[in-house]
Structures are given as C-alpha cells and as structure tokens.
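For ligands, and for the atoms within them, numbers begin at 1 and follow the listed sequence.
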Amino acid sequence: MSTFPTGFLWGASTAPHQIEGGNLNSDFWANEARMPGMERSGDACDSYHRYREDMRLLADHGYNAYRFGIEWARIEPEPGMVSRAELAHYRRMIDTALELGLAPVVTLHHFTNPRWFAEAGGWLAPEAIDRFRSYVDTVVPVLDGVEWVVTMNEPNMLAMMTGLAVKMQQAAEAGAEWQSPTVDEGPRPPLPAPDVEIGRRFVEAHHAVRDLVRERTGAKVGWSVANRAFEARPGCEEKKRELEYIWEDLYLEAARGDDFVGVQSYSAQWVNEDGIEPYPPHPDNTLVGTAFRPDAIGIAARHTAEVTGLPVLVTENGIATADDARRIAYTEGALKALGEAAADGVDVRGYLHWSLLDNYEWGHWGPTFGLVAVDRETFVRTPKPSLAWLGGIAKTNGASLTD
Ligand code: BGC
C-alpha cells in the first residue's frame, strides 16, 4: 500500500479571514457589508483567541503540521502603520505550533487585502508590488523557525475572484444577488476565467518576495495553486491545454525556481470542445456543487510536478459535506491517489487537509469542510470522527490505509 517518505507532513489548513473573526480592516470584510445575499464572517470561529485549542486538537490526534496564515490587514491596518502587537500575536502562534510539535506552514496572503490597499487600486495599482514587498519585509522577522512559507494562496483563484468582484459590484448596484466565488452550482452563470493581467501581477508579487523570504528565514518558499484536475474528452486535448494555461500553468510555470509548490485540489472536471463542462447534478455532489472526485488530488499532483519539476506539498484537499463518513471516504480515496502518484515518482512532501474547522466559506457558512465542528455562538469545538481517523493515518505515516 502507499507509503510516504519519512518526515512527511500530516496536518490541516486554515486561513485567517475564515477562522479568526473580526477582520475589520480587510477588503473582504468591507465587501461582506455591501453585497446582498452574502453572509458575514463576523466573529468567525474566534480562532484569533482560540488558536492554541485548535492546534492542540491536531497535536493530540497525531498530526505533525498546521497551516495557517498571517493577515496583512492586521499587520498593516493603515498604509505604513505596522502593528507590533499583531506581529507578536503571529509570533506566539508560531511558537505555540512549535511547542506542540506541529510544523508551522505559514501563508502570507490568503485572498484578503487590507481595505486601504484595495481602495488604492488593489493589485493593478503601480505601487502594489512595493506595498506587498514592504508587508512581507515587515513580517519576515517573526518567521524564525518556520520551514515552509506559502507567499500567496491560489493566485489563480484570486485572479478569478478579482474579476468576479467587479461583476459583484455591478450586480449589487443593480440590486442583484451576489455570486459565490467557490460555490459552482445551480442556474448561476459559470465563474469567469482568471484574469491573465492580474495573474501576471501576482507572478511579479511572488517573485518580488520569494528571495527575500528565502534568504532571511532559511524557509522553503513556494506558492499554492488551485488545480481543477482537467480531463479531456476525446479529441479535446488542445482545448484542455489552452484552459490549463489560463487556470493553472501560468502560475505553475512561475513556480519554477521555488523550493516547493502547494497543490490544492477538490474535484476533477471535464473539458470538451466548448470549454469546461459544468458538474452534472448528482446526489454525490458536494455542498459546493462539485463532483465527488477523490482521485482529483492525484491528477493535480502529477500535473503540478510535471509542469514545475518541484517537490509538491498538498496544502489543501477536502470536501464540503454534512456527512462525516463521506469525508472519510473522500479522504481515503484522495490519499490512495496521492500514494500512487508518489509511487510513480512524484516527490510529495505532505498532506494538509482543508480544513481543520468548519469555517467561513467566503460568503457562506453552509458548506462545511471541517474535521472539527464549531458552535458559532459558544465557539465550542467538537471533533468529528474524521479528525481521529486522519490522525490515525498520520501516526502510521500512511501505512494503515487499507487496500
Ligand atoms: C481556498 C480556501 C477555500 C477552499 C474551499 C480554496 O479555494 O484556498 O480558502 O475555503 O478552497 O472552497
């Protein structure tokens, strides 16, 4: 059965805006307030205060890694105004992870920007790259002891979300419903393709901070790319390559020269001569409307390794479901597919499940991805069986996966 290399990272992932609560100075918080139909993040899971408890859940169940992010809007709530208290907060989080035996995998940017940054023209403003570099420069001193740094989370999805935000703004003005960036379902129009111009800006941003982080921390540096695990219908290989470039390869090619690449995949999707086929309605579809495809992570890891030539770290993989037995079945299938890719020579360094907690899914609270449920009023954490199940696999480094 599949085995994973010694030192393999077994953990779960989170993002600041989705779990911390009260991310008042971020652009997403501001958008939540004005988009009809969008749920608010509010106190989220209050992980800003409860991070030790969250990390303990992982450590106590046999995991050795935790991916979390640093929130730029907290570090620099106004241009050039650095919060030393917030820097100290994230340093405490890193210390807590290390104390509990969890390798911190730290993300510097996970979709959200400071509100002032967005209002000053966002990523297309001429100063955008300098602003990001300056933020990263501020954060680097607290990263001591961190071995894995993700500069940006899913720049390709962010490039799509940025285009979508413009549409959402217009929709809000016209009194229409907001469209979710991550729920791909129903009669709504398909999500727009990532904006290539913005995508190239993200490439510039990533390259601008990569060496800075590497040289001053000694960490392995990479970024994480969402992978849609495209599969071509007969005769549609060319169309698939075209779409792959816009959705993934632009970002994967830019990862060459990094130390690793983060792979994030949830489902696989067919491509025909007209483009991406919507997921057909099916009782097995997840709560975000995607097809139940545990094998997606195998397709994604292989494609990512082939394009980049780099070691891969699964920085996200999981399923939105209310049925935890489905989560276990999905994850078991995903780990088998990943093990097969590893056996075929893909250099896989770890598996970080999305997500540790049921959290704020970018405008909704409905889709639950967590290994742990969270009561939104009391913030009480209730582990689901999947937390112990995956921890059990972690303890045997994958050897206990059944055939
Ligand atoms: C993002 C997460 C998100 C997850 C599930 C990824 O696109 O990085 O923030 O919650 O997928 O949709």
Check the pair F369, Y266 against ring-ring contact (aromatic ring centres under 6.0 Å, His included), reporting the backbone distance first and the verdict last.
CA-CA 11 Å; F369 283 91; Y266 291 84; 5.7 Å; yes
Pick whichever of F111, Y266, W362 has a heavy atom sitting closest to atom 4 (C) of ligand 1.
Y266
Counting the benzene-type ring for Trp, do Y251 and H206 have ring centres under 6.0 Å apart?
no
Donor-acceptor side-chain pairing of Y48 and D43 below 3.5 angstrom
no
Between R40 and W29, is NZ or CZ placed under 6.0 angstrom from the six-membered ring centre and within 45° of the ring axis?
yes
H110 heavy atoms within 4.0 Å reach ligand 1 at atoms 1 (C), 2 (C), 8 (O), 9 (O)
Do me a favour and list the nearest non-hydrogen protein atom to atom 6 (C) of ligand 1 with residue, atom name and distance?
E316 OE1, 3.1 Å
Less than 4.0 Å is my threshold; does some heavy atom of V288 fall inside it relative to ligand 1?
no
Distance filter under 4.0 Å to T182 heavy atoms, resulting ligand 1 atoms:
12 (O)
Could you tell me if R326 sits above the aromatic ring of F292, with its cationic atom closer than 6.0 Å to the ring centre and no more than 45 degrees from the axis?
yes
Would you mind running through ligand 1 and noting each atom that sits below 4.0 Å from a heavy atom of N153?
8 (O)
Atoms of ligand 1 less than 4.0 Å from Q264 heavy atoms?
8 (O)
Which residue holds the protein heavy atom closest to atom 7 (O) of ligand 1, what is that atom called, and what is the gap in Å?
E154 OE1, 2.5 Å
Could you tell me the residue and atom name of the protein heavy atom closest to atom 12 (O) of ligand 1, and the distance to it rounded to 0.1 Å?
E361 OE2, 2.6 Å
Could you check whether W223 and F202 have their ring centres less than 6.0 Å apart?
no
Could you go through F8 and V348, starting from their C-alpha distance and side-chain angles, then the distance that decides it, and tell me whether this counts as side-chain contact (heavy atoms from CB on, under 4.5 Å)?
CA-CA 8 Å; F8 196 78; V348 189; 3.9 Å; yes
